[in-house]
2 protein chains.
Amino acid sequence: MSKTTLEQRIRSDIEARIRSGALRPGDRIPFEHELVAAYGCARATVSKAVEALAKAGLVERRRKAGTFVAHPHVQSAVLAVPDLEKLIAARGEAYRWTLIEQCRASASDLETGDIPSPALRIDGVHHADGVPLALEMRLISLSAVPLAASQPFGERSPGAWLLEQVPWTEARHEIGAANPTPEEAAALDMPTSGACLEVRRWTWQSGAPVTYVRQLFPGGRYHLMAEFTPGA
Amino acid sequence: MSKTTLEQRIRSDIEARIRSGALRPGDRIPFEHELVAAYGCARATVSKAVEALAKAGLVERRRKAGTFVAHPHVQSAVLAVPDLEKLIAARGEAYRWTLIEQCRASASDLETGDIPSPALRIDGVHHADGVPLALEMRLISLSAVPLAASQPFGERSPGAWLLEQVPWTEARHEIGAANPTPEEAAALDMPTSGACLEVRRWTWQSGAPVTYVRQLFPGGRYHLMAEFTPGA
DNA sequence: GAGTGGTCTAGACCACAAA
DNA sequence: TTGTGGTCTAGACCACTCC
């Protein structure tokens with residue numbers, strides 16, 4: 001017996017033919033009315049199945065012409081950017097946040113973060129089992145989050161607090177590698193010659209800047225993972 | 001006059017209420033039959049709209065209870081991993097691939113790449129306007145891609161060739177930072193103390209390993225970008 | 001012009017989880 | 001038990017685009 005829906009079956013049938021190479025990029029897949037005949041179902045059902053493949057980028061639909069296997073262009077992948085506190089806890093390690101500095105953001109800070117004045121600047125370190133995992137430099141727009149001004153970030157990291165205050169934001173990430181400055185290297189307990197993973201994130205809510213954060217991870221202690229399974 | 005569909009309107013109405021904070025995580029959004037009444041349309045239309053929000057992760061649907069605004073948990077983002085040749089060309093720079101070595105993969109190679117024997121190993125450098133942008137170490141499974149054995153990779157990078165041979169694969173990425181070995185630093189024309197972005201990618205087709213690649217980017221010359229806009 | 005996909009309707013039955 | 005969402009049907013009209 002099967003617990004899968006008919007729509008899923010149609011979809012995975014076609015997907016398997018693409019993944020196996022039986023259908024190659026540029027090939028036309030059966031018309032909707034042909035699939036309707038083949039599976040003996042309503043057109044809405046096959047339409048939903050094929051539409052899902054199209055949204056996943058596996059096929060391309062063209063009016064009057066039909067539906068074709070797409071040419072894979074850029075590899076895209078879903079990147080998980082977890083909250084560090086939860087990530088460390090999930091790994092079974094002890095989490096600790098230490099505040100370095102909490103002050104008004106300077107003009108040059110605001111420029112790099114593209115955050116309007118007034119804004120708060122918070123520097124600190126995330127530790128896993130006592131080892132520095134990430135150095136964080138964050139700006140928070142006080143016009144978007146006024147409560148941040150009176151919030152003490154000595155005990156709790158601003159990321160988790162912000163998530164509660166300002167849910168469902170849009171964000172942009174830039175991921176690169178950089179060497180730490182002497183001060184950063186000291187905070188991370190690493191040499192300045194060591195490589196760091198640098199993640200910078202700009203966050204908006206309804207188009208208004210909320211926060212900017214730059215996180216520096218010592219090379220060997222952390223890596224990001226991304227899965228790419230279109231159609232999953 | 002509007003060119004948007006009714007489904008899109010319903011969807012963006014709800015999304016705007018979530019994004020603006022009018023509906024907060026845990027709040028229930030209207031039942032389908034309420035939306036049907038509010039918009040005066042068929043249930044299938046509102047169902048499609050709300051289902052799209054659910055797929056985007058903005059809401060969570062529970063039978064008998066209703067549909068609720070989801071709690072943002074892990075930040076996820078869509079990461080673009082472009083073909084380097086096309087990326088460099090798109091930036092208006094001259095692309096060049098230089099082969100370092102092409103040989104049979106050793107046992108230790110196969111272990112790190114999780115590729116079955118026999119396999120090919122190809123090392124080379126991607127240049128943009130004559131400057132080394134990335135060092136690449138790649139393994140190709142010869143059982144998955146037999147043609148690779150007789151393919152000369154002196155002129156053309158194996159990535160673009162593979163994409164034509166074996167389209168629509170699944171992949172996993174690991175992104176980190178590392179220091180180059182002296183040999184790698186020389187190939188990239190950089191000091192060993194410089195930070196590198198390290199991207200490792202495992203690729204399968206229909207569950208069978210196809211290729212493994214490790215790319216090393218000098219820190220300042222490249223960065224990855226990821227957008228996070230659920231509901232777009 | 002002809003035929004595709006895009007959207008929508010007005011029903012229906014079912015599985016499941018909350019009350 | 002009850003009501004929600006999950007799935008599906010059998011139509012319909014339309015817009016677009018390839019021939």
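Below, each value reflects all heavy atoms present in this structure, side chains not excepted, and no hydrogens, waters or symmetry copies. Chain letters run A, B, ... following the sequence lines, proteins first, then strands; residues in each count from 1.
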>> Can you see if the side chain of Thr67(B) gets near the phosphate of dT4(D) - specifically, an N or O under 4.0 Å from OP1 or OP2?
In response: no

> Rounded to whole angstroms, how far apart are CD on Glu7(B) and P on dT9(C)?
Replying inline: 11 Å

>> Without decimals, in angstroms, what is the distance between Leu35(B) CG and dC8(C) C1'?
In response: 16 Å

>> Measure CZ/Phe31(A) against P/dT4(C) and give the value in whole Å, please.
In response: 5 Å

> Is there a donor-acceptor pair closer than 3.5 Å between any side-chain N or O of Ser12(B) and the backbone N or O of Gln8(B)?
Replying inline: yes

>> From CD1 of Ile10(B) over to P of dC8(C), roughly how many Å is that when rounded to an integer?
In response: 8 Å

>> By nearest heavy atom, map Gln8(B) and Lys64(A) onto DNA chain C; which one lands nearer the 5' end?
In response: Lys64(A)

>> Between P on dG6(C) and CD on Glu60(A), what's the gap in Å once rounded to a whole number?
In response: 11 Å

>> Without decimals, in angstroms, what is the distance between Leu6(A) CG and dC14(C) P?
In response: 17 Å

>> Using OP1 and OP2 only, check whether a side-chain N or O of His33(A) sits under 4.0 Å from dT4(C).
In response: yes

>> Please pick, from dC8(C), dG5(D), dC8(D), the nucleotide with the shortest atom-to-atom distance to any side-chain atom of Arg43(B).
In response: dG5(D)

> With a 6.0 Å cut-off on ring centres, are His126(B) and Tyr95(B) close enough?
Replying inline: yes

> If only side-chain N and O atoms of Arg61(B) are considered, is one of them under 4.0 Å from the OP1 or OP2 phosphate oxygen of dG6(D)?
Replying inline: yes

> CH2/Trp97(B) to CD/Glu85(B) distance, rounded to the nearest 0.5 angstrom?
Replying inline: 10.5 Å

> With side chains defined as the heavy atoms from C-beta onward, is the minimum distance between Ile122(A) and Ile140(A) less than 4.5 Å?
Replying inline: yes

>> Reading DNA chain D from 5' onward, which residue's closest nucleotide shows up sooner: Arg62(A) or Thr5(A)?
In response: Thr5(A)

> How do Ser47(A) and Ala65(A) order along DNA chain C: which one's closest nucleotide is nearer the 5' end?
Replying inline: Ala65(A)

>> What is the distance, to the nearest angstrom, from the CZ atom on Arg63(A) to the P atom on dG6(C)?
In response: 6 Å

> Over how many whole Å does the gap from Tyr39(A) atom OH to dC8(D) atom P extend?
Replying inline: 13 Å

>> Please check: side-chain N/O of Trp202(B) versus main-chain N/O of Ile115(B), any donor-acceptor pairing under 3.5 Å?
In response: no

>> Counting distance alone, no hydrogens or angles: does the base of dT7(C) have a donor or acceptor under 3.5 Å from a partner atom on the side chain of Lys48(B)?
In response: no

